[in-house]
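Chain identifiers are assigned alphabetically (A, B, ...) following the order of the sequence lines, protein sequences preceding nucleic acid strands; residue numbering begins at 1 within each chain. All values below were derived from every heavy atom in this structure, side-chain atoms included, with hydrogens, water molecules and symmetry-related copies excluded.
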2 protein chains.
Amino acid sequence: MLQIANLLKENHLKVTPQRIAIFKILYTSTEHPSAEQIYKDLQPTHPTMSLATVYKTLDTLKKSGLIQEFNVGEDCFRYDANVNTHPHMICLECHQVFDLHTDKLNNLRDYVKDETDFNITYEKVFFYGTCAECNKS
Amino acid sequence: MLQIANLLKENHLKVTPQRIAIFKILYTSTEHPSAEQIYKDLQPTHPTMSLATVYKTLDTLKKSGLIQEFNVGEDCFRYDANVNTHPHMICLECHQVFDLHTDKLNNLRDYVKDETDFNITYEKVFFYGTCAECNKS
DNA sequence: ATAAATGCAAAACCTTTGCACGCCT
DNA sequence: AGGCGTGCAAAGGTTTTGCATTTAT
């Protein structure tokens, strides 16, 4: 909790209960929730928080580089407090999104450096398929 | 034109002027247009076509595997008639989306095969940065 | 002839915006 | 006092849906 407060301060953001709660959800979960999901998750503990605040806070955190936003083909965006470059794996059956912790895809941009005149800043990689749990059935 | 008609027939889709026009836009352009953009592009030649038809047609073509859909972080989806796996490059300044034709990133899933219990079907790769044109200025 | 595609309007949905209020310094 | 964050409601934008009509096979 204190750590999150410090993280916000370091990024020149005001420390509010809402911001701490939203970041904590993203930091402690592995679900890459949407704004709506975050809102629902916080209903029990923060019943007065509005959905607009969730959106505004996500935007603020994103602009400070504390979280990343992406869309895997759904009608909404998902958010991740892990801003290190790492692939996401999307299960086409249960629609869960998983992180892939690997160093096998580091420096991906180096592979294509000679084939483009783009100045690459960062990349996003998504693997689609079926997860272990869904493969069982 | 005839080729597109055959392509539709081969996929058990009815051949309509709207479908041909929409697929042709995607097939001949490199812009990865959104539904709205396709609609506007077709206004001069197909003034009676509705935006709903564009959306329905894109959904049909997508389900038949003739086009692919993706979201690079905007508030809408973009479409591509090139369904081969290939990276997309997004310019953070002019917001254009380019194809990268390379074979350097083939078999990307093989790199991570041993690090996941996912059954990978396909992948999407996005490089973000600045394009050659925007780098000049 | 039949089934499907189109066009229009309305609805649904996610996200943003405007504004008043409250909080903290 | 002042600036910023929050909450509410309304608006904005994209996408989907229902239904009558038209079209393709």
Specify the residue among B:Asp75 and B:Lys56 whose closest nucleotide of DNA chain D lies further upstream toward the 5′ end.
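Closest to the 5' end, via its nearest nucleotide, is B:Asp75.
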Which residues pass the side-chain hydrogen bond (donor to acceptor under 3.5 Å, both in side chains) test with [X], not counting sequence neighbours?
{"X": "B:Thr102", "answer": "A:Glu115"}
{"X": "A:Gln37", "answer": "A:Asp41"}
{"X": "A:Ser34", "answer": "none"}

So, using salt bridge (Lys or Arg N to Asp or Glu O under 4.0 Å) as the criterion, who are the partners of [X] when residues are at least two apart?
{"X": "B:Asp59", "value": "B:Lys62, B:Lys63"}
{"X": "B:Arg78", "value": "B:Glu74"}
{"X": "A:Glu123", "value": "A:Arg109"}

Residues from residues 34-45 of chain A lying under 4.0 Å of DNA chain C - heavy atoms:
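Those residues whose heavy atoms fall under 4.0 Å from DNA chain C, taken from residues 34-45 of chain A, amount to none.
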Within the 4.0 Å heavy-atom criterion, would you say B:Thr60 contacts the bases, only the backbone, or no part of the nucleic acid?
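Result for B:Thr60 = nothing.
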Quickly work out the [X] [atom1] to [N] [atom2] distance and round it to whole Å.
{"X": "A:His46", "N": "D:dG5", "atom1": "NE2", "atom2": "C1'", "answer": "14 Å"}
{"X": "A:Leu58", "N": "D:dT6", "atom1": "CG", "atom2": "C1'", "answer": "14 Å"}
{"X": "A:Leu8", "N": "D:dC4", "atom1": "CG", "atom2": "P", "answer": "17 Å"}
{"X": "A:Asp59", "N": "D:dG5", "atom1": "CG", "atom2": "P", "answer": "12 Å"}
{"X": "B:Asn71", "N": "D:dG13", "atom1": "CG", "atom2": "P", "answer": "18 Å"}

If a pair satisfies side chain to side chain donor-acceptor pair (under 3.5 Å) and one of its residues is in residues 42-51 of chain B, list it, with sequence neighbours excluded.
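Listed once each, the pairs are B:Ser50-B:Thr53.
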Scan residues 92-101 of chain B for pairs that pass side chain to side chain donor-acceptor pair (under 3.5 Å), counting only residues two or more places apart or in two chains.
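Of all non-adjacent pairs touching residues 92-101 of chain B, those that pass side chain to side chain donor-acceptor pair (under 3.5 Å) are B:His32-B:Asp99, B:His86-B:Asp99, B:His88-B:Asp99.
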Please state whether the rings of A:Phe98 and B:Phe118 are parallel, tilted or perpendicular, taking 30° and 60° as the class boundaries.
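A:Phe98 and B:Phe118: perpendicular rings.
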For nucleotides 20-25 of chain D, give me one character per nucleotide, 5' to 3': B if any protein heavy atom sits under 4.0 Å from the base, S if the only such contacts are to the sugar-phosphate, - if neither.
----BS
Angle between the two end axes of the helix from C:dA1-D:dT25 to C:dT25-D:dA1, five base pairs per end, rounded to 10 degrees?
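Computed from the C1' atoms at both ends, the axes differ by 30°.
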Would B:Lys14 and B:Leu8 count as a side-chain contact (heavy atoms from CB on, under 4.5 Å) if you check the C-alpha gap in whole Å, the side-chain angles of each, and the deciding distance to 0.1 Å?
CA-CA 7 Å; B:Lys14 280 195 180 176; B:Leu8 293 171; over 6 Å; no
Terminal contacting nucleotides, 5' and 3', DNA chain C versus chain A (heavy atom, 4.0 Å):
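It runs C:dC14 to C:dG18.
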Ignoring hydrogens and geometry, is there a side-chain-to-backbone donor-acceptor pair from A:Asp80 to A:Asn82 under 3.5 Å?
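Yes; at least one donor-acceptor contact below 3.5 Å.
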Using modelled atom types and a 3.5 Å cut-off, is there a donor and acceptor pairing between side-chain atoms of A:Asn71 and backbone atoms of A:Gly73?
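The answer is yes, because a donor-acceptor pair under 3.5 Å joins these two groups.
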Ring centroid separation B:Phe70 to B:Phe77 under 6.0 Å:
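Ring centres of B:Phe77 and B:Phe70 not closer than 6.0 Å.
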